[in-house]
Trainee: 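I am attaching a structure below and will ask some questions about it afterwards.
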Amino acid sequence: MRREQVFWGWGEPGAGPSLPGHATAFLRDELGVDGAVVARPVALEQVRLREPALDTGLLERLDAITGSVRTDREARVLRCRGKSYLDLLAQRAGACEDAPDAVVAPADHDQAAAVLQACAEAGVAVVPFGGGTSVVGGLEPLRGPFEALISLDLGRMDGLLGVDERSLTAVLAPGVRLPEADRALAAHGLTLGHVPQSYEWATVGGCVATRSSGQASTGYGRIDANLVAVRCATPLGELATLAAPASAAGPDLRQLVAGSEGVLGVITAATLRVHPLPEARRHEGWLVASFEQGCETLRQLEQAGAAPDIARLSDEDETRYTLALAGLPAAARRALGGRCLLVAGWEGSAEEVERRRRVARPRLASRRLGARWEHSRFAGPHLRDDLLDRGVMVETLETATSWSNLAALRAAVRAALPGTLTGCHVSHLYPTGASLYFTVLARQEGDPAAQWRALKAAATDAIAAAGGTLTHHHAVGRDHAPWMPAEAGDLGVGILRALKERCDPAGVMNPGKLLP
Ligand SMILES: Cc1cc2nc3c(=O)[nH]c(=O)nc-3n(C[C@H](O)[C@H](O)[C@H](O)COP(=O)(O)OP(=O)(O)OC[C@H]3O[C@@H](n4cnc5c(N)ncnc54)[C@H](O)[C@@H]3O)c2cc1C
């Protein structure tokens, strides 16, 4: 039996850390929230669902193809949405009226292709479901012009399909979760080197479909940079690319599938470049004099080819609340005097790690803090559930831009989020620029969903106006789709639309996502 997350939050029940006692003072002082529990998620039996709208003929056909069709309450509620703040507000309130009419789980490429064909013929929308960790409304059960919708659950298509140790490539099934992929690769002395904060649950197919970035992507590269070949089932047939190391045979079809977010078809296998398991891992925390100085140091290191594999520089606000939640007393936090937290990590052979640390350390050194980050790198999403219980609005957004524009973009986003406590960090470095990741906290007011939508729209407008990308790694989904013309231009959006019409003429694949 595949492990499942709770339908209203992160992880399995009781699996993660809870808000520490000392967080109460922080919530009171910074957000005006008294820390008492004000709202709990509804029980599964209280979730509101409509009767499934799929006709019996199609259900029987899908069952004959896959032998795995579920229409029960639990399956439909668990496949209803992803894990954004808006998703969690709706799931906690039990608002699943639009939940998928059925959850269909193919076992292989041919079954997936047959399901897509059946749904295209019947006019039934299909939402591919990987790990369910989308934070941009990528799994929202939007039917478009259709009456019924299935969730295409890729959980049965998991596992390592092949390894080429000599070429350092691996073929992975789409539904394999990242820890399981790494466990299978470890038997060959290899790793994906892909560790997003959603690592525990995200799948290989979902990561490719959203062009995900991991915490060590500065070192190992984003998932799209490691994509060697891809196989995709569309309602109109198969799209597959060759596993050549490089090619000049026209535009790169792999990269049309990467980031296609299920609107063209379903990724049924991905060949990824893999990496030798690092012999040594070294993570360190530092305090640097200011955010600006830290950015400058990271730029110089990156452009000199000496950046750490993990580099995460928090601004003053994020430093303050990170250390508050870690238990640093208020007086010690005040003594920081504007200094900012920088986490740096190196992975590789012991010798290589030492050599690279020696190059970077003189430039980083201000005050060393130790290596606590490593132990809490997956804690944030668990704490979010506790914050929601206490009436706190908590969500993240992200972008990327050139080094020259980084400070202006950060200022523009912060200015668009008045009345919030917004922390920011730089986390993925490139020779030409970096990403900015914002965590926004506030006391919930009035209609919490409307409160966040207004802030998110203002922040996204500000990002577009200031020349940042709509998204560096969370993808487009439903939430960013209205801004796609600002990012890609009308012709760019038209090209993507033409591509979709060619692969999915009936328009059943993930309606309302990626394209406005
Ligand atoms: C707490 C938290 C932390 C996160 N941290 C990061 C991070 O550090 N880096 C990062 O990049 N992202 C992060 N994310 C976002 C999310 O984890 C990524 O977008 C991830 O790539 C989604 O993978 P998934 O398997 O969960 O896909 P899903 O959420 O199941 O699907 C994502 C989208 O892709 C489509 N899809 C899924 N599988 C396929 C397939 N096989 N073929 C075609 N389409 C498919 C879905 O229909 C959907 O539109 C985070 C999310 C959360 C909740």
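If you're wondering where the values come from, they're calculated on a predicted model, not measured in any experiment. Just so you know, ligand 1 is whichever comes first in the structure, and atom 1 is the first atom listed for that ligand. These numbers come from the heavy atoms of this one structure, side chains and all, not from hydrogens, waters or symmetry mates.
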Trainee: Non-hydrogen atoms of Ser213 versus ligand 1: any pair closer than 4.0 Å?
Mentor: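 Checking ligand 1 against Ser213, which is what was asked, there is a heavy-atom contact under 4.0 Å.
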Trainee: For atom 51 (C) of ligand 1, grab the closest protein heavy atom and report residue, atom and distance to one decimal in Å.
Mentor: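 Sorting protein heavy atoms by distance from atom 51 (C) of ligand 1 puts Thr133 O, 3.3 Å first.
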Trainee: Numbering the atoms of ligand 1 from 1, which are under 4.0 Å from a heavy atom of Gly262?
Mentor: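 Numbered from 1, ligand 1 contributes 43 (C), 44 (N).
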Trainee: List ligand 1 atoms under 4.0 Å from Ser134, heavy atoms only on the residue side.
Mentor: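 Going through ligand 1 atom by atom, the ones under 4.0 Å from Ser134 are 29 (O).
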Trainee: For atom 33 (C) of ligand 1, state which one of Thr210, Val176, Thr471, Thr396 supplies the nearest heavy atom.
Mentor: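 Nearest heavy atom to atom 33 (C) of ligand 1 lies in Thr210.
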Trainee: Which atoms of ligand 1 are found less than 4.0 Å from any heavy atom of Asn510?
Mentor: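 Answer, ordered by atom number: 47 (O), 49 (O).
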Trainee: Go through ligand 1 atom by atom and flag the ones less than 4.0 Å from a non-hydrogen atom of Gly138.
Mentor: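 Within the 4.0 Å cut-off of Gly138, ligand 1 contributes 47 (O), 48 (C), 49 (O).
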Trainee: Taking only heavy atoms of Ala202 into account, list the atoms of ligand 1 that are under 4.0 Å away from them.
Mentor: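 In order of numbering, the contacting atoms are 23 (O), 25 (O), 26 (O).
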Trainee: Within a distance under 4.0 Å of any heavy atom of Gly131, pick out the atoms of ligand 1 and give their elements.
Mentor: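 Near Gly131, the atoms of ligand 1 are 24 (P), 25 (O), 26 (O), 27 (O), 30 (O).
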Trainee: How are the rings of Trp10 and Trp201 set to each other: parallel, tilted or perpendicular (split at 30° and 60°)?
Mentor: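 Geometry flag for Trp201 against Trp10: perpendicular rings.
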Trainee: Pick whichever of Ser260, Gly205, Gly265, Ala270 has a heavy atom sitting closest to atom 43 (C) of ligand 1.
Mentor: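 Closest candidate by heavy-atom distance is Gly265.
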Trainee: Below 4.0 Å from any atom of ligand 1, is there a heavy atom belonging to Glu261?
Mentor: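 Contact present.
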Trainee: Pull out every atom of ligand 1 sitting under 4.0 Å from any heavy atom of Pro174, numbered as shown with elements.
Mentor: 41 (N)
Trainee: Which residue and atom name correspond to the protein heavy atom nearest atom 27 (O) of ligand 1, and how close is it?
Mentor: Gly206 CA, 3.5 Å
Trainee: Pick, from Glu140, His472, Gln197, the option with the minimum heavy-atom distance to atom 8 (O) of ligand 1.
Mentor: Gln197
Trainee: Is the closest heavy-atom distance from Gly132 to ligand 1 below 4.0 Å?
Mentor: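 In this structure, Gly132 qualifies as a contact of ligand 1 - some heavy atom is under 4.0 Å.
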Trainee: Return yes when Trp201 approaches ligand 1 closer than 4.0 angstrom through a heavy atom, no otherwise.
Mentor: no
Trainee: Looking at ligand 1, does Gly175 have a heavy atom less than 4.0 Å from it?
Mentor: no
Trainee: As an exercise, identify every atom of ligand 1 less than 4.0 angstrom from a heavy atom of Ser212.
Mentor: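 Under 4.0 Å from Ser212, ligand 1 has these atoms: 10 (C), 11 (O), 21 (O).
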Trainee: Which option out of Ile267, Leu154, Val266, Val263 puts a heavy atom nearest to atom 39 (C) of ligand 1?
Mentor: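 Among Ile267, Leu154, Val266, Val263, the closest heavy atom to atom 39 (C) of ligand 1 belongs to Leu154.
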Trainee: Using side-chain contact (heavy atoms from CB on, under 4.5 Å), reason through Ile310 and Val195 one step at a time and then give a plain yes or no.
Mentor: CA-CA 10 Å; Ile310 295 170; Val195 189; over 6 Å; no
